[in-house]
Each structure stands twice: as structure tokens, then as C-alpha cells.
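Everything on this sheet refers to the single structure shown next.
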Amino acid sequence: MLGSVSGMAQADTWRYAHEEYDGDVQDVYAQKFKEYVEKNSEHNVQVYRFGELGESDDIMEQTQAGILQFVNQSPGFTGALIPEAQIFFIPYLMPTDFNTVVKFFENSKAINEDFVDLYADQGLELLKMYPEGEMVVTADEPVTSPSEFNGKKIRTMTNPLLSSTYEAFGATPTPLPWGEVYGALQTNMIQGQENPIFWIESGGLYEVSPHLIFTKHGWFTTAMMANQDFFNGLSAAEQKMVREASDWAFDETIEHIDGLADRSLEKILASSDEVTVTRLTEAQMNEFRKRAPQVEKTFIDMTGNGGQKLLNQFKADLKAIK
Ligand code: 6CS
């Protein structure tokens, strides 16, 4: 109060929650965002990591309620709120190599404009979408074809489209929040899951699901946003500073993930002799790729005209960078 009356900036503590642990990709992003904000304003950022405030759905609820100012929630958990966010789970839609993926996130209209409107409809100011790593499947034995997935329960993040993907791949999808995954693998309630290599390493998933399968069917994508009422209440200068902090954190995070998968795989191989690595051949991949159109159709059934337009834009953006 006093600050605003006297014209001085008021120092607030902004609360920011994400879905990962100390040093993981979302934590790197959050810490860089915090560093920028604290260097360039009076404000402080308090970062909450996985488990401090609950699961992904809990931190989203707290952000929509205005208890948190910022949240990082991955589209894998946003399907119920924003069905279009499931677009990232249409297999073999995303590019596979690092440089193309980065270019796509930097330049895509679908990512940087269309999604902003979709999140705004839910009271959220989308500040950045960014990639974390190529998706790799882990299972209780090496898998090279859809028929070898038969009878295997594969954990998915909790969005219905990802279930359709694993059904199309021949498996039995089992949606679970993150907190239940390690235990479910350990007790053989599920026989596999998918995640980027850095997470398979940092969460120790290879200890309980040692067969790594590179299918090249997608990239783990995440999204950072603010409660929109809070964001709209900031001055124009503060909004600009928050956007700059988001852009800078993006650049720093991309630098962090460059080569991260290789480094994480080395660590995994050094600490386990049980782990196997299967890289699907083009012919083997084609057997999975063939099943992508049915998932694309399910995406359109779930999202209607809006989803079709977004998908068209997504594909146009991909074409433009290729
Ligand atoms: O599989 C999951 O649920 C988690 N995976 C990553 C890479 N980040 C957070 C998410 O909860």
C-alpha cells in the first residue's frame, strides 16, 4: 500500500510451482526465471518443486485459484482442462532432431499464438512452451513391434489421447499421476512407461524398468504460465519484465537440454548392467508410425473444428521450418 501511494515499487513474493526435482529441466527453467526477476525487479520468486504442494493437478488448481502466481504444468496433464493440449501426443507428429525441435518451439504460430488463446480461456497467461527431451519407452523387456506390447500395461500421463496412442501401439494404457509411477513399476502393477532420458535417470526409473526403447514417436513438452488476473494486475513494465524473464529462461533451458539425453544415458549405463538399449530401425518404427493416423482422428473427435485448425497450423509450422 505505502509503496504504491509513494510511487515506489512494492516488493512481493511470487509463488511458482513446477512438476520436477532439484536440478531437473523444469527446475532449471524456474531458477533462471527467478534469477532474472530478482535481478530486474523488487520482487522475489519462491519456487516449489514436485511434492511440496501436491501433484500436477493440485498446483494447476492452486494457480487457477490465485494461491500460486506461476505454474509449470505439462500438456500431458492438461488434457481435461484444454483438450487441444493433447496435440503433443499424436505420435510421430513432432520432429525428431534437437535443432528442428528447438526451431519449431521458437517459431511456431500454433505454439506461440494459438495456444496463448486456449490457455487464456482458462484464466491462464501462457508464457512459454518448451521441450524437455525425446520420449523413450522403458519396459520389462525389449519391445520392437506393436505385438510385443500386447498384454503390457504402460503408464501414461493422465490425458485420454495418450491412452489412445498406447492402445494403437498394442499396449494396455494405464494413466497415473507421477507420484505413483516408481512404486507401480516396482510391484509390477505396470510393465512400462515413457519419459525423457534425463527423467528416467534422475527418477531412477531404469532401476525398476530397465529396458530402454527409442521409438522416436514424440518429445516431452511442457508449459509455463501465470494466473491471468495476477498478470493483468501487473504494470506494463512488470509484464514486459516477466516476458523477458520467460524468454531468457527458455534460452538457458535449451542450452541445458542440449546433449542432456546423452549425458543421462551414460550415467544410466554406468550404474546398471541390467539396462538394455533398443533403437528401433526405420522398418520397425514404421509399424508404429502406421498407427498414428487413427490417433490423429481421435484427436479431432475430441477437439472438433478448433482442434483441426490447430493441427493444420501445427503442420504448417513444421513444414515452414523444414
Ligand atoms: O512422467 C511424468 O509424470 C513426469 N515427467 C517429466 C519429465 N516431468 C514431470 C512429469 O510429472
Side-chain angles (χ1 to χ4, degrees), residues 16-31 47-63 68 70-81 85-86 88-89 94 98 101 105 128-139 153-163 165-166 171 173-186 189-209 212-215 217-225 249 253-254 256-257 260-261 263-265 267-268:
Y16 176 146
H18 66 72
E19 303 167 319
E20 298 182 350
Y21 305 101
D22 189 3
D24 285 330
V25 177
Q26 288 183 24
D27 196 49
V28 168
Y29 187 99
Q31 300 301 336
V47 176
Y48 298 92
R49 299 187 176 108
F50 178 82
E52 293 178 33
L53 298 175
E55 282 281 357
S56 183
D57 285 349
D58 301 315
I59 57 177
M60 175 55 92
E61 241 174 61
Q62 290 160 29
T63 306
L68 295 172
F70 298 95
V71 70
N72 197 132
Q73 188 187 55
S74 303
F77 295 108
T78 316
L81 198 63
Q86 299 176 103
F88 297 102
F89 301 98
M94 293 286 286
F98 177 76
V101 169
F105 277 86
K128 203 54 90 183
M129 280 187 158
Y130 60 96
E132 294 196 34
E134 179 189 335
M135 280 295 199
V136 175
V137 182
T138 69
K153 288 194 190 140
I154 303 294
R155 178 267 176 168
T156 61
M157 285 180 283
T158 55
N159 78 81
L161 195 75
L162 190 51
S163 290
T165 294
Y166 274 90
T174 309
L176 286 177
W178 166 248
E180 293 173 34
V181 181
Y182 190 98
L185 286 167
Q186 198 168 29
M189 302 259 293
I190 53 171
Q191 288 76 46
Q193 61 86 44
E194 61 163 28
N195 252 307
I197 290 282
F198 86 85
W199 187 254
I200 293 167
E201 192 273 318
S202 82
L205 290 173
Y206 64 93
E207 299 159 355
V208 285
S209 191
L212 276 47
I213 305 141
F214 286 72
T215 47
H217 70 278
W219 270 66
F220 189 100
T221 295
T222 197
M224 189 281 215
M225 65 211 81
T253 304
I254 294 300
H256 174 76
I257 66 168
L260 178 63
R263 294 194 294 278
S264 304
L265 183 57
K267 280 191 206 164
I268 292 174

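No hydrogens, no waters, no symmetry mates; every other heavy atom, side chains included, goes into these values. Ligands are counted one by one from 1 in listed order, and the atoms in each one are counted from 1 as well. Quick note: residue numbers are just sequence positions, from 1.
Ring centroids of Y21 and F50 are separated by less than 6.0 Å, placing the two rings close together.
With contacts defined as side-chain heavy-atom distances shorter than 4.5 Å, the pair V47/Q31 qualifies.
One finds the OH atom of Y166 at 7.0 Å from the CD1 atom of I154 (value rounded to the nearest 0.5 Å). The CH2 atom of W219 sits 5.0 Å away from the CD1 atom of I257 when rounded to the nearest 0.5 Å.
Between the side chains of T222 and Q26, at least one donor N or O sits under 3.5 Å from an acceptor N or O.
Considering only residues two or more places apart in sequence or on other chains, Q186 meets the side chain to side chain contact (heavy atoms under 4.5 Å, CB included) condition with Y182, V208.
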What are the atom names and distances for all N or O pairs under 3.5 Å between ligand 1 and the protein?
from: ligand 1; atom 1: 1 (O); to: R155; atom 2: NH1; distance (Å): 2.7
from: ligand 1; atom 1: 1 (O); to: N195; atom 2: OD1; distance (Å): 3.3
from: ligand 1; atom 1: 1 (O); to: N195; atom 2: ND2; distance (Å): 2.9
from: ligand 1; atom 1: 3 (O); to: R155; atom 2: NH1; distance (Å): 3.4
from: ligand 1; atom 1: 3 (O); to: R155; atom 2: NH2; distance (Å): 2.9
from: ligand 1; atom 1: 5 (N); to: N195; atom 2: OD1; distance (Å): 2.9
from: ligand 1; atom 1: 5 (N); to: W199; atom 2: NE1; distance (Å): 3.4
from: ligand 1; atom 1: 8 (N); to: E20; atom 2: OE2; distance (Å): 2.6

